[in-house]
Visitor: 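Once you've had a glance at the structure underneath, I'll fire off some questions.
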Amino acid sequence: MNITEKLTALYPSLTQQDFLTVITLQNDSDGKGDYIAKWEHPTLAKPTDEELA
Amino acid sequence: MSSMVLSGDTSGAITITVPAIAGTNTATLPAATGTVMVSGNMPAFSAYSSALVSSTASTFTKITYDTEDFDTNSNFASSRFTATVAGYYQFNATIAFSGIVVVGAASFVTLYKNGSRFLDGNYAAQISGSTMFNSVSGIMYLNGSTDYVEVFGFQTAGTQNIGSIQSTLKFNGCLVRSA
């Protein structure tokens, strides 16, 4: 399960628009994988590393 | 006189040379203050990638570029352009998305400035089973010391391969006006 799938499983209300505005998932193609670069969602808290593990 | 040398107050000199070709030509300087642009201070670059990168849905994924067509001022390295001349730069990038299997997916390519999304291309619907090409172009100011530009791709469904799958898909740019 990738980070997008984990986030949408944790927060089913997330929309595609959220990933274009208040949340930025990013991969710098440096071998370190996908990560949360920005989390500014007005109501949902940024998940912890444990929740995304 | 075939050339004229202007010496600096303390060091350096500029030589203005007339080519040894018959005929009369006129170079008119504008009635404005600014830096005269010549080829030596007008960087231009063009690069493409021979490798694809894997892209997760809803994730901005950096496009890697490993081959340069040209890089006149050695400003392009590690898939990013870092300006050493301050001014306004035109950038263009086209990337391809392949492995599209979800109907209703969409994609776009965006230019990042200093690690943040800065200039988006068109957001376009993909067609399942096809290869999607997305482009972005625009002008941005770079300070000539720390500002840098990278290309990121974004798609909305599944895991897709993105990048310059052929040498005709470029990330290129040039200085169009000094600061």
Visitor: Grouping I, L, V, M, F, W and Y whenever their side-chain heavy atoms are under 4.5 Å apart, do B/Leu111 and B/Tyr48 come out in a common cluster?
Guide: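 Result: no, two separate clusters.
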
Visitor: Distance check, rounded to the nearest 0.5 Å: A/Ile3 atom CD1 versus B/Thr59 atom OG1?
Guide: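 Result: 6.5 Å between the selected atoms.
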
Visitor: At a 4.5 Å cut-off on heavy atoms, which part of B/Thr61 comes close to chain A: side chain, backbone, both, or neither?
Guide: both

Visitor: Is it possible for you to say whether B/Tyr65 and B/Phe91 belong to one hydrophobic cluster, with membership spreading through side-chain heavy-atom contacts below 4.5 Å?
Guide: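 In one cluster with B/Tyr65: B/Phe91, yes.
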
Visitor: Hydrophobic cluster membership, with links at side-chain heavy-atom distances under 4.5 Å among I/L/V/M/F/W/Y: are B/Val103 and B/Phe97 in one?
Guide: no

Visitor: Listed by residue number, which members of residues 16-31 of chain A have a heavy atom under 4.5 Å from any heavy atom of chain B?
Guide: A/Gln16, A/Phe19, A/Leu20, A/Thr24, A/Leu25, A/Gln26, A/Asn27, A/Asp28, A/Ser29

Visitor: Apply the test side chain to side chain donor-acceptor pair (under 3.5 Å) to residues B/Thr56 and A/Asn2: give CA-CA distance (whole Å), side-chain angles for both, the deciding distance (0.1 Å), then the verdict.
Guide: CA-CA 7 Å; B/Thr56 303; A/Asn2 61 47; 4.7 Å; no

Visitor: Say whether B/Met132 and B/Ile63 are linked into one hydrophobic cluster, either directly or through other cluster members, by side-chain heavy-atom distances under 4.5 angstrom.
Guide: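 Cluster IDs for B/Met132 and B/Ile63 match.
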
Visitor: Near B/Leu6 CG, under 6.0 Å, is it more than 12 heavy atoms from other residues, nucleotides or ligands?
Guide: yes

Visitor: If Ile, Leu, Val, Met, Phe, Trp and Tyr residues are connected whenever their side-chain heavy atoms lie under 4.5 Å apart, and connections chain through other members, are B/Phe81 and B/Phe60 in the same group?
Guide: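 Not linked; separate clusters.
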
Visitor: Under 4.5 Å, heavy atom to heavy atom, which residues of residues 37-53 of chain A contact chain B?
Guide: none

Visitor: Sort by residue number and list every residue of residues 139-158 of chain B having at least one heavy atom under 4.5 Å from chain A.
Guide: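 When heavy atoms of chain A are the reference, residues 139-158 of chain B contributes B/Phe152, B/Phe154, B/Thr156 within the under-4.5 Å range.
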
Visitor: Please, which pairs that meet side chain to side chain donor-acceptor pair (under 3.5 Å) have at least one residue in residues 5-23 of chain B, sequence neighbours excluded?
Guide: none

Visitor: Can any side-chain N or O of A/Thr4 pair as donor or acceptor with the backbone N or O of B/Ala57 at less than 3.5 Å?
Guide: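 Yes, because the side chain of A/Thr4 sits within donor-acceptor range (under 3.5 Å) of the backbone of B/Ala57.
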
